[in-house]
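Shown next, in structure tokens, is the structure this report addresses.
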Amino acid sequence: IPFLGVGRRFESCRAHHFFMRQTIIKNIATGITKKCDVLSKNDNFLEVVLVDTTIKITLRKKSGIYVGSYKNMEFTSEG
């Protein structure tokens, strides 16, 4: 019986995606920016996950920019 790559089932949950859209979010208070994978986006909402984490942030569009918060920190993104 040939080796069937049993260990492959432990790969990252993103391993089967060929391309995931990314965006940058910025902490309003500190100016620090982080790269995020875009889970979903429409005219009103942007849902992202910080790269290499399980932190999910939902941002709402206000005046042409997406704004959201996580643990009392506010973030912005152009989407």
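Just so you know, these numbers come straight off a predicted model, no measurement behind them.
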Practice task
Identify, with sequence neighbours excluded, every residue that meets salt bridge (charged side-chain N to carboxylate O under 4.0 Å, His left out) alongside Lys26.
Solution key: none
Practice task
Locate the shortest heavy-atom distance separating Gly68 from Leu59; write the atom from each residue and the value.
Solution key: N-CD2, 3.6 Å
Practice task
Indicate yes or no: at least one non-hydrogen side-chain atom of Val49 is less than 4.5 angstrom from one of Thr54.
Solution key: no
Handout entry: Residues clustering with Val67 (ILVMFWY side chains joined when closer than 4.5 Å, directly or via others)
Key = Ile65
Problem - Heavy-atom neighbours of Lys61 NZ exceed 12 at 6.0 Å - result: yes
Problem - Residue from Thr53, Asp52, Val51 passing side-chain contact (heavy atoms from CB on, under 4.5 Å) with Asp37 - result: Val51
Exercise for the section: Please list all pairs passing the salt bridge (charged side-chain N to carboxylate O under 4.0 Å, His left out) test where one or both residues lie in residues 41-51, with sequence neighbours left out. Expected result: Glu47-Lys56
Fill in the blank from the handout: CD1 of Ile25 to CD1 of Ile57, rounded to nearest 0.5 Å, is 4.0 Å
Practice task
Kindly compute the distance separating OH (Tyr66) from CG (Leu46), expressed to the nearest 0.5 Å.
Solution key: 6.0 Å
Practice task
Sequence neighbours left out, what passes side-chain contact (heavy atoms from CB on, under 4.5 Å) with Phe45? Give chain and number order.
Solution key: Asn42, Thr58, Arg60
Donor-acceptor contacts under 3.5 Å from residues 70-79 side chains, at least two apart:
| residue | atom | partner | partner atom | Å |
| --- | --- | --- | --- | --- |
| Ser77 | OG | Thr23 | OG1 | 3.2 |
| Ser77 | OG | Ile24 | O | 3.1 |
| Ser77 | OG | Gly79 | N | 2.9 |

